[in-house]
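Okay, so here's the structure we're looking at.
Both ligands and their constituent atoms are indexed starting at 1 by order of listing.
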Amino acid sequence: MKRFLFIIGLIVALTCPAQTQQGYKNPVIPGFYPDPSVCRVGDDFYLVTSSFQYFPGVPIFHSKDLINWEQIGHCLTRPSQVNLNGATVWGGIYAPTIRYHDGIFYMVTTNVTDKGNFLVHTTDPRGEWSEPVQIKQGGIDPSLYFEDGKCYLVSNPDNYITLCQINPITGEQLTESKRIWIGTGGRFPEGPHIYKKDNWYYLLISEGGTEYGHKIAIARSRYIDGPYEQNPSNPILTHINRNTQSSPIQGVGHADLIQAPDGSWWTVFLAFRPQSDMHHLLGRETFLAPVRWDKNAWPVVNGDGSVALEMDVPTLPQQPFASKPTRTLFTDGKLGFEWVYIRNPHLENYTFDSDKLRLKSTSVTLNNSKDSPTMVCRRQQHINFTATTSVELQKASSGDEAGLTVYMSETSHYDLFIKQLPGKKQTVTLRYQLGELSHIEKEIILPQGNVQFRVKGERDFYSFEYATDGMTFHQLGRMNTRYLSTETAGGFTGIMLGLYSVSEKSSSKGYAAFEYFDYQGK
Ligand code: 6LW
């Protein structure tokens, strides 16, 4: 009997994946990190997301367990790789795909405000990526599939998922584009990826648009160029149905599939979290779900094609990273990977001096939709958070302004700032920019000097406070979150918290000196 139990135990141990832990929290990458794509090299996972008008472009993350992710850089770090002139919340860099083949990492994406689809490569994902090569086939959401020395590209020109072969180093298109699937009938068939399993080519796509109707469907064929037959159980992942009508997670879609070293399958995908009724502000975030994919069978996502914030499932052995310090000091002379600029920055306007971040005041305002204002920003990653900074105007001309902005787009931001007045005075001001409406909610006149600003975010309100002694904060106002939401403001992005400096005069020699930035999410 003992021997029998031992043999049974051995069979179970050998056939079941070595998943040793239970449970994790979604989203696995909170805040505006949409359109995730993932690849694996040994037991290392690499994940990229889209970045729109922000520079550097395409953040890249590393993980050992698909749950804990650490940003290791960006794929597009040089203006020669990414021209973002005139890019807005609807423009710039759309969904990227990352793949690893024969010692090389490839990242393919679309710059919708520039020349369309392009590809970069590297042997070191923590280092610099190559100069871009353009790709002729149009459509968005390009993806790569490698087999037998060939590289296939899929994207969605004219609503059809379309396939061709390319040279992945030069970008040259080697075969004619062929339409292979239009999806199951949902609008916006997009986000295609090809995988091979059990001698089937599987074609995964998104449909329904990136809002509440979003869903993931799959088809398969014995031949890479089709004909593809669709899964009778499509969609395999969606929150469009009654079972998820009250879920705090909506808009589930744009997925990529990945197999872990232990044989288990997983999917990363985007979704958003409505916070103030149907309004969401944090952008589309990166989520994770387990996939059951038996031999010759269709993949099944998390049992019933839906996901939760608390996932009670077996996981890979979890390897968390040390949590980030609340306080960013500017003593290193450089900014961490979480900080980005709007469009291609004028880097000469950003310097470090006496342990402070110095932002030069220029006449490019936050409302400018073409040029790059002097602003560094990071994502709001939690619905409940507090952000604090300390700023002083130096060598300022009257009309120079600097502070902390809660920024969704050039037409939608709440700004807390100091502004130089003639003489040795300044205002402390709270302003709301809502479309055509620019409203000064509060303005207080103070002597020149250092001011601390604090923004608190919660489900329905942002509140705005200032102090001059670093301790006693006074509230200037409280404003609804929903007017900055994606549903109100539009765009593909999420809220950024920005440190900025502008001037009414193009001749200003002034700058703003920021001492620290605290971000605390709950
Ligand atoms: C992306 C498309 C999508 O390219 O939205 O949600 C577009 N999916 O696949 C912008 O993120």
Run the salt-bridge test on Asp371 and Arg343 with the 4.0 Å N-O cut-off and return the result as yes or no.
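Looking at Asp371 and Arg343, the cut-off is not met.
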
May I ask you to check whether Phe105 and Tyr46 place their ring centres under 6.0 Å from each other?
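Ring centres of Phe105 and Tyr46 closer than 6.0 Å.
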
Taking the ring centre of each residue, are Tyr33 and Phe61 less than 6.0 Å apart?
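Judged by ring-centre distance (under 6.0 Å), Tyr33 and Phe61 do meet the cut-off.
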
Counting each atom of ligand 1 from 1 as listed, which ones have a heavy atom of [X] under 4.0 Å away?
X      : result
Ile140 : 4 (O)
His254 : 2 (C), 8 (N), 9 (O)
Phe52  : 10 (C), 11 (O)
Tyr94  : 4 (O)
Leu270 : 6 (O)
His214 : 6 (O)

Does Thr110 approach ligand 1 within less than 4.0 angstrom via side chain, backbone, both or neither, non-hydrogen atoms only?
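For Thr110, no heavy atom sits under 4.0 Å from ligand 1.
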
Side chains of Glu410 and Thr88: any donor to acceptor distance under 3.5 Å?
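Short answer, no.
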
In terms of side-chain heavy atoms, does Ser206 have a donor or acceptor partner in Glu190 at a distance below 3.5 Å?
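Short answer, no.
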
Hey, is ligand 1 close enough to Glu190 that some N/O pair sits below 3.5 Å?
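Between Glu190 and ligand 1, an N or O pair is found under 3.5 Å apart.
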
Please say whether Asp141 places an N or O atom under 3.5 Å from an N or O atom belonging to ligand 1.
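Indeed, backbone or side chain, Asp141 has an N or O that close.
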
From [atom1] ([X]) to [atom2] ([Y]), nearest 0.5 Å:
X      : Y      : atom1 : atom2 : value
Glu458 : Ile383 : CD    : CD1   : 11.5 Å
Leu309 : Tyr24  : CG    : OH    : 11.0 Å
Tyr94  : Phe492 : OH    : CZ    : 4.0 Å

Identify the protein heavy atom lying closest to [atom], giving its residue, its atom name and the separation to 0.1 Å.
atom                    : value
atom 6 (O) of ligand 1  : Thr210 OG1, 2.8 Å
atom 11 (O) of ligand 1 : Asp35 OD2, 2.5 Å
atom 5 (O) of ligand 1  : Arg284 NH1, 3.3 Å

